[in-house]
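Structure record follows, encoded as structure tokens.
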Amino acid sequence: METIRGKTSHNMDLNGLHARLANYNRITLDLGTGDGKFAFCHAESFPGCFVIGVDSCRENLRELSRATLPNLLYVIASAQALPHELHGLVSHVTINFPWGSLLQSLLDGDPRLMCGLESVLGSGVRLEVRLNGGALAEQGWTLEDGAEQIRENLIYADWKVAKPARMDSHALRNFPSTWARRLAFGRDPRAVELSGNL
Ligand SMILES: C[S@@+](CC[C@H](N)C(=O)[O-])C[C@H]1O[C@@H](n2cnc3c(N)ncnc32)[C@H](O)[C@@H]1O
């Protein structure tokens, strides 16, 4: 799979990945990681957990992917075609403020995303999806209806997912991702959080 550090890509095979993961049994996958800030903060806050930030767009990752935390890796991949090297490894999935095809796949219950996610999971997995009103409006959904549609699709894919919980601007300001802060200070600071487990 393609990993990135600054401007440099590196192909990491299964042996290389397993060597990096050798001392970790908790692995977080941050899907649609953007500039990677949430993945970085999570890795810094939880040194016993290995964090893999995945995004299809490499440009935004150039700066933070230079970080040399032992428990952090950034991967360039599409959410609809997750690398087979990740199979069976992940214990925690976060999807923060998705837009574009990632959000569309959640809304459609796209099997490429849902089955791909299932294939990378280990046991006892936790899922967190945070959604914002503006991104859903661009796809023709209200925040409430879009969140409910995604919840239903996740439940159909066997996740146990609680009712959406509101994130107010205070929660957004304190959430460690670049997009959360942008939303908190922007025109439409409405967001919700879906959390669940398998
Ligand atoms: C609004 S940004 C949020 C970034 C970050 N999670 C945050 O909270 O700051 C949405 C991200 O989803 C990524 N994305 C959209 N479709 C994707 C896909 N199909 N596969 C992987 N990443 C995708 C975009 O490249 C973008 O970085």
Side-chain angles (χ1 to χ4, degrees), residues 1-4 6 9 28-45 51-65 67 72-86 90 92-120 126-141 143 146-147 150 153-154 157 164-195:
M1 64 186 180
E2 180 185 355
T3 65
I4 187 155
S9 288
T28 294
L29 176 71
D30 184 41
L31 204 48
T33 198
D35 65 359
K37 182 176 169 194
F38 176 84
F40 177 84
C41 292
H42 198 74
E44 221 179 21
S45 303
V51 184
I52 303 175
V54 173
D55 206 286
S56 50
C57 173
R58 68 194 66 236
E59 278 71 29
N60 294 340
L61 273 169
R62 285 210 171 128
E63 204 176 310
L64 277 175
S65 68
L72 176 63
L73 186 67
Y74 291 107
V75 171
I76 302 300
S78 154
Q80 294 83 356
L82 289 171
H84 64 86
E85 288 85 348
L86 299 179
V90 173
H92 182 194
V93 179
T94 54
I95 307 179
N96 296 319
F97 314 108
W99 66 18
S101 65
L102 178 52
L103 180 58
Q104 192 63 58
S105 284
L106 285 166
L107 285 163
D108 293 345
D110 181 346
R112 294 172 306 158
L113 173 66
M114 297 299 182
C115 299
L117 265 183
E118 195 185 330
S119 71
V120 299
R126 181 167 169 72
L127 170 76
E128 289 157 32
V129 181
R130 298 181 180 87
L131 303 161
N132 66 289
L136 280 163
E138 274 177 25
Q139 310 251 16
W141 291 83
L143 178 59
I150 290 172
N153 289 337
L154 290 168
R166 275 268 176 194
M167 289 180 85
D168 60 15
S169 54
H170 178 75
L172 286 169
R173 266 200 306 278
N174 289 314
F175 188 79
S177 95
T178 297
W179 208 254
R181 285 188 68 76
R182 256 188 227 185
L183 292 170
F185 295 104
R187 272 186 302 140
D188 188 2
R190 292 171 312 125
V192 295
E193 178 176 326
L194 290 170
S195 53

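It should be emphasised that the depicted structure is a prediction, and the values quoted were computed from it without experimental measurement. Every number for a ligand or one of its atoms is a count from 1 in the order of the listing.
Contact detail for Leu194 and Ala147: the closest heavy-atom pair is CD1-O, 3.9 Å.
Every protein residue with a heavy atom nearer than 4.0 Å to ligand 1 is included here: Gly32, Thr33, Gly34, Asp55, Ser56, Cys57, Ala77, Ser78, Ala79, Gln80, Asn96, Phe97, Trp99, Ser101, Leu102, Ser177, Thr178, Trp179.
A search for side-chain hydrogen bond (donor to acceptor under 3.5 Å, both in side chains) contacts involving Asn153 returns nothing, not counting sequence neighbours. Considering only residues two or more places apart in sequence or on other chains, Asp188 meets the side-chain hydrogen bond (donor to acceptor under 3.5 Å, both in side chains) condition with Arg190.
Applying the salt bridge (charged side-chain N to carboxylate O under 4.0 Å, His left out) test to residues at least two apart or on different chains, the pairs with a partner in residues 52-61 are Glu2-Arg58.
A salt bridge is absent between Asp35 and Lys37: the closest approach of a Lys/Arg side-chain nitrogen to an acidic carboxylate oxygen does not fall below 4.0 angstrom.
Aromatic ring pairs are classed by plane angle as parallel below 30°, tilted from 30° to 60° and perpendicular above 60°; the pair Phe175 and Phe97 is perpendicular.
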